[in-house]
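Down below is the structure, laid out as structure tokens.
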Amino acid sequence: MALISHQSGLLTLIIICGAVLFMIYRARQGLESEVRRVAGIDVIDEAIGRSTEMGRPVHITNGLATLYSSGAPQTIAGLSVLSYVAKKCAQNGIPLITTIYVPETIPIVMEMYREASVLAESPEWFDDYNIRYMSSHRFSYATGVQGVLQREKPAASFLMGSFMAEALIFAESGYLAGAMQVAGTAATSQIPFFVAVCDYTLLGDELYAAGAYLSQDAVQMASIAGQDVGKYLAMILLLVGLILSAMGSDWLVNILKL
Amino acid sequence: MADIIVEIGIWVAAAYTLMIYSYPYKDTPLFKFAEHTMIGLGIAITTIMGIRNILDIAVGSIVNKGEIAWIVPILLGLALFTRYSRQYAWLSRWPLALLVGVGIGVSMGSSVDASFLAQIRSTVTGVNTLNKALLGIMIIITITYFIFSIGKEQREKGAFKYTSQLGRYVMMLCFGALFGNTIMTRMALFIGRMNFLLFEWLKLG
Amino acid sequence: MSLLKGKQIPIGITLVVGLMMIVNYYFGAALPAVKSTTTLVQNWTVIVAAFALIIGLINISRIHINHLLKRSKGQWFFSLWCLAIMYIMIALGLFGTTKNPGYQWLYNYVFLPVDATMYSSLAFFISSAAYRAFRARNVESILLLSSGVVIMLMNAPIGEIIWTGFPVIGDWIMSVPNVAAQRAIMICVVMGSVSLGLRTLLGMERGYLGREE
Amino acid sequence: MASAKEGFWNKLQAIDQRILYVLIIVVVALPLLRPLSLPITVTSATRTAYEKVDEYSGPGSVVIIAYEFIAGNWPEMGPIAVAMTQHLFRKPDIRIILLAMGRDQGPILAENTLKYIDEMGKEYGEDYVNLGFFAGAEAAMASFASDIPGLVKKDYYGTPIEQLSVMSGLNDLNDIDLFLCLWSGTPGWGEYLRQWQTPYGITVIGGTLGINGPGAQPYVSSGQLKGLVVGLRGGGEYEKLIGKPGEATSGLDAVSTSHLLIIAFIVLGNVGYFAGRRRSGGEV
């Protein structure tokens with residue numbers, strides 16, 4: 001017993017991973033899962049299109065979470081969006097400015113730019129002066145992003161990743177610059193500001209789903225269906241727990257504490 | 001002498017404060033100057049910290065304690081620089097793989113237990129008031145908004161259509177509340193800055 | 001050689017390290033070897049990340065040196081200033097210590113005030129965002145608007161003087177729908193991050209590794 | 001004519017944000033310069049906190065105050081720290097220990113707090129002490145709780161603990177009667193909850209930022225926090241309770257005026273929106 005801590009957590013993790021793996025297996029067999037399209041995805045295309053028409057650059061930033069912290073999934077999901085946006089921008093031949101807080105993403109972003117320019121067969125699109133490290137101090141980063149938004153007037157700005165208070169600085173500065181903005185974050189405390197200011201916001205889990213959608217890969221889409229199993233599990237646990245607790249029983253709570 | 005240095009410091013601080021506040025007015029060189037100062041200092045401070053970490057922790061442990069294993073992160077760290085070469089760029093994937101492995105592992109390990117189950121536990125403990133029951137029901141309703149794998153018909157006609165719309169309403173109440181609640185904290189910070197400008201700098205008090 | 005250059009080794013590293021972190025969380029108490037290895041690897045990441053900071057320094061230096069060489073109009077002076085203050089600060093901090101008076105002065109009278117000012121500029125941005133966003137366009141924005149205004153009137157002492165009901169409604173919003181939505185979002189976010197984590201461990205989400213050679 | 005009217009309603013919907021920004025500066029600066037002294041009603045939460053501090057700091061008691069916030073949060077945390085610390089300094093015959101285990105800036109902020117305090121004849125070293133910062137966060141908290149002399153060797157200024165009579169006879173957390181936890185984030189209350197409150201059942205009263213208030217509320221309901229003072233509002237109320245108006249009191253006037261200004265703008269925007277729609281014949 002004492003060998004394993006958080007047994008209920010481990011069991012839940014196994015169930016969720018099992019569900020995701022099962023859905024991936026199904027997809028490999030050719031059985032596609034129907035998955036709702038998140039509206040924000042279309043808005044991303046629209047914003048890039050608008051930039052192209054106006055001949056103005058696109059801006060993207062991926063927030064504060066380092067790759068080795070528990071916020072890493074948000075940064076990885078944000079980078080998937082970046083990869084997609086880079087390819088589109090290279091195809092359309094408009095510059096993409098990436099502002100960076102997490103320095104270990106610099107080599108990754110460089111590689112994504114290179115890949116985008118190769119796919120679009122326009123080597124001249126690759127310009128690594130558009131990949132701008134703005135320091136790993138929050139408000140230095142914020143001033144840098146503000147400067148880019150104010151002076152280079154991007155017509156589209158994507159804020160995808162984990163943010164803190166500077167989220168609103170970016171969103172308002174982007175608004176002042178006249179950019180169409182799409183944001184995505186799992187940081188609950190900042191979602192309200194994105195919802196209030198940006199043209200579209202990927203709420204929490206939708207950010208993770210976005211990466212899989214944009215990959216257009218059936219296997220990745222299947223994993224989204226898999227993660228829904230965990231949500232059904234949560235709903236069942238909540239419902240049963242509510243009823244039991246209202247009847248005065250702590251049975252479920254005690255099990256979940258194991 | 002010391003007083004003069006402090007006084008100059010207060011004037012410099014006040015000047016920078018006004019430069020930053022010039023941002024919404026229009027594109028001024030003042031903000032640009034403050035911005036470049038801030039980026040320069042921000043990078044300097046974190047770089048110093050980074051170099052100290054490398055020297056004190058890694059190199060220090062090898063030299064002073066003979067802990068040879070620290071050579072591994074140093075080599076991996078150096079491998080990041082191969083991104084600037086065409087021939088050896090593949091090497092830069094290894095350190096990134098290590099960092100991502102740690103990040104993914106840490107988040108997968110703890111999140112199910114510390115976020116998922118903890119939230120459920122605290123919701124279903126001691127449900128003895130109407131509000132607590134309502135809280136639980138609202139959570140269930142809101143989760144339905146996040147269900148992605150639902151067939152088209154159900155999404156357009158079935159119960160999920162209504163619950164996910166209700167879920168959005170609950171979220172809007174929440175976002176409004178968080179927004180409104182943050183205003184006081186932001187005002188408090190601004191009041192702090194105004195106290196500095198009015199009383200420490202202009203000495204109006 | 002192609003094996004070395006491919007993605008198998010990095011994906012392997014991610015998988016092994018990731019699994020070790022998970023095993024450590026659940027079985028760490030029983031497996032001291034895993035626990036100590038995990039701590040070791042986590043300490044390593046601090047060093048690897050420190051090298052990444054130097055990559056950042058190179059990145060920004062290249063950009064500004066480029067502006068200087070090209071004498072970019074309206075920019076080269078700022079680039080010069082940025083480089084100057086950056087390297088002066090690094091020199092003061094490395095060859096002196098962080099107790100160096102010059103370092104301390106720059107830190108206390110430039111860095112900290114700008115930091116606090118940036119933070120406080122949110123007071124402006126939050127006001128203009130509220131003005132634009134809190135508009136009764138449809139049911140959703142009416143809910144956003146009314147809950148925001150009620151909480152504002154709960155927080156401002158004057159609100160209670162206007163109507164004693166504000167704190168009562170405000171408390172209810174804070175403790176019921178507010179908590180409900182946050183918990184729901186958190187629960188679903190965990191699902192998303194576990195699924196993304198699993199894809200990453202299995203090498204399906206490999207954007208961070210770049211394109212195939 | 002009609003178009004001029006429509007133009008007016010449209011303008012109400014799109015007032016230049018710079019006008020709003022200038023007005024924000026004005027409505028914040030004015031009350032700071034000339035306090036309006038708008039009435040402050042004391043909420044039951046702050047009153048409870050005040051009463052509990054009073055109750056657990058009777059003659060002979062020992063109190064710890066932890067300063068777990070950063071200088072950037074002084075505008076909001078400072079008034080709470082000053083008011084609660086002042087309250088304790090007025091209590092006769094008690095010993096006060098200031099420290100920090102989460103934030104290395106803590107001891108400086110403790111010193112800063114003392115600048116605003118009327119010490120009421122209390123002597124440093126005899127009646128109160130600033131122990132400084134203990135690195136190690138949770139580990140330090142755990143070892144302090146189980147063995148105070150084992151961890152604490154000297155105070156913030158380097159004076160050996162043997163020369164500080166205020167510390168005599170204190171062996172572990174059971175010798176402490178009251179703990180004021182003033183925190184702004186992590187590390188903060190969460191760590192003290194795990195290391196001090198849960199295992200030792202120490203009486204804790206908290207003070208924190210406005211944005212942390214809702215998150216900490218469950219601990220007040222469960223009694224793990226006996227009281228909680230939240231944000232500038234809480235600070236202002238506490239200042240009123242101890243009868244010593246300070247930064248929060250004038251700040252609260254500015255909070256009221258700025259909130260009213262924002263609400264006025266929201267109302268203008270909505271008036272413009274509805275009037276504009278009615279005129280242009282859209283559905284209302």
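Protein chains get the first letters and strands the later ones, always in sequence-line order, with residue 1 at the start of each.
- In this structure, B/Thr142 contributes its side chain and C/Ala181 its backbone to no donor-acceptor pair below 3.5 Å.
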TODO: Apply the test side-chain contact (heavy atoms from CB on, under 4.5 Å) to residues B/His36 and C/Met86: give CA-CA distance (whole Å), side-chain angles for both, the deciding distance (0.1 Å), then the verdict.
DONE: CA-CA 9 Å; B/His36 283 81; C/Met86 187 163 74; over 6 Å; no
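- Looking at C/Ile187, the atoms closer than 4.5 Å to chain B (heavy atoms on both sides) sit in the backbone and in the side chain alike.
- Residue contact with chain B, scored on non-hydrogen atoms closer than 4.5 Å, is absent for C/Met20.
- Counting only heavy atoms from C-beta outward, the side chains of C/Asn43 and B/Ile57 never approach each other to under 4.5 Å.
- Interface residue C/Ile173: only side-chain heavy atoms are found under 4.5 Å from chain B.
- Within the model, atoms CG of B/Leu41 and OH of C/Tyr103 stand 9.0 Å from one another, a figure rounded to the nearest 0.5 Å.
- Two residues are said to be in side-chain contact when any heavy atoms from C-beta on lie closer than 4.5 Å; B/Met19 and C/Val114 fail this criterion.
- Counting only N and O atoms by type, the side chains of C/Tyr25 and B/Asp113 include a donor and acceptor under 3.5 Å apart.
- Both the backbone and the side chain of C/Leu198 come within less than 4.5 Å of a heavy atom of chain B.
- Residue contact with chain B, scored on non-hydrogen atoms closer than 4.5 Å, involves the side chain of C/Ile9 exclusively.
- Of the two parts of C/Ala133, neither the backbone nor the side chain holds a non-hydrogen atom closer than 4.5 Å to a non-hydrogen atom of chain B.
- The parts of C/Ala52 that come within reach of chain B are both its backbone and its side chain, each placing non-hydrogen atoms under 4.5 angstrom from that chain.
- A parallel orientation is assigned to the rings of C/Trp81 and B/Phe33, their planes being inclined by less than 30° (bins at 30° and 60°).
- With hydrogens and angles ignored, the 3.5 Å screen pairs no side-chain donor or acceptor of C/Ser120 with any backbone N or O of B/Arg193.
- Residue C/Ala84 does not touch chain B at all, counting heavy-atom pairs closer than 4.5 Å.
- Distance alone, capped at 3.5 Å, places no donor-acceptor pair between the C/Tyr119 side chain and the B/Leu189 backbone.
- Taken to the nearest 0.5 Å, the CZ atom of C/Phe125 stands 6.0 Å off from the OH atom of B/Tyr23.
- Contact of C/Gln42 with chain B is made through the side chain alone, with heavy-atom distances under 4.5 Å.
- Proximity of the aromatic rings of C/Phe124 and B/Tyr21 is defined here by a centroid distance below 6.0 angstrom, and this criterion is met.
- Of the atoms belonging to C/Ser121, heavy atoms from both backbone and side chain fall under 4.5 Å from chain B.
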Open item on the list: Working note: B/Phe175 + C/Asn178, criterion side-chain contact (heavy atoms from CB on, under 4.5 Å); need CA distance, chi angles, decisive distance, verdict.
Closed with: CA-CA 7 Å; B/Phe175 298 156; C/Asn178 170 44; over 6 Å; no
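- Ranked by non-hydrogen atom pairs under 4.5 Å with chain B, the options C/Leu106, C/Ile142, C/Val139, C/Val41 are led by C/Val139.
- Of the atoms belonging to C/Arg62, it is side-chain heavy atoms, and not backbone ones, that fall under 4.5 Å from chain B.
- By number of non-hydrogen pairs under 4.5 angstrom with chain C, the leading residue of B/Ala118, B/Ala177, B/Gly50 is B/Ala177.
- With a 4.5 angstrom heavy-atom cutoff, C/Ser175 touches chain B only via backbone atoms.
- At a 4.5 Å heavy-atom cutoff, C/Asn108 makes no contact with chain B through either its backbone or its side chain.
- At distances below 3.5 Å, at least one donor-acceptor pair connects side-chain atoms of C/Ser147 with backbone N or O atoms of B/Leu173.
- Without hydrogens or angle criteria, C/Lys7 side chain to B/Arg93 main chain gives no donor-acceptor distance under 3.5 Å.
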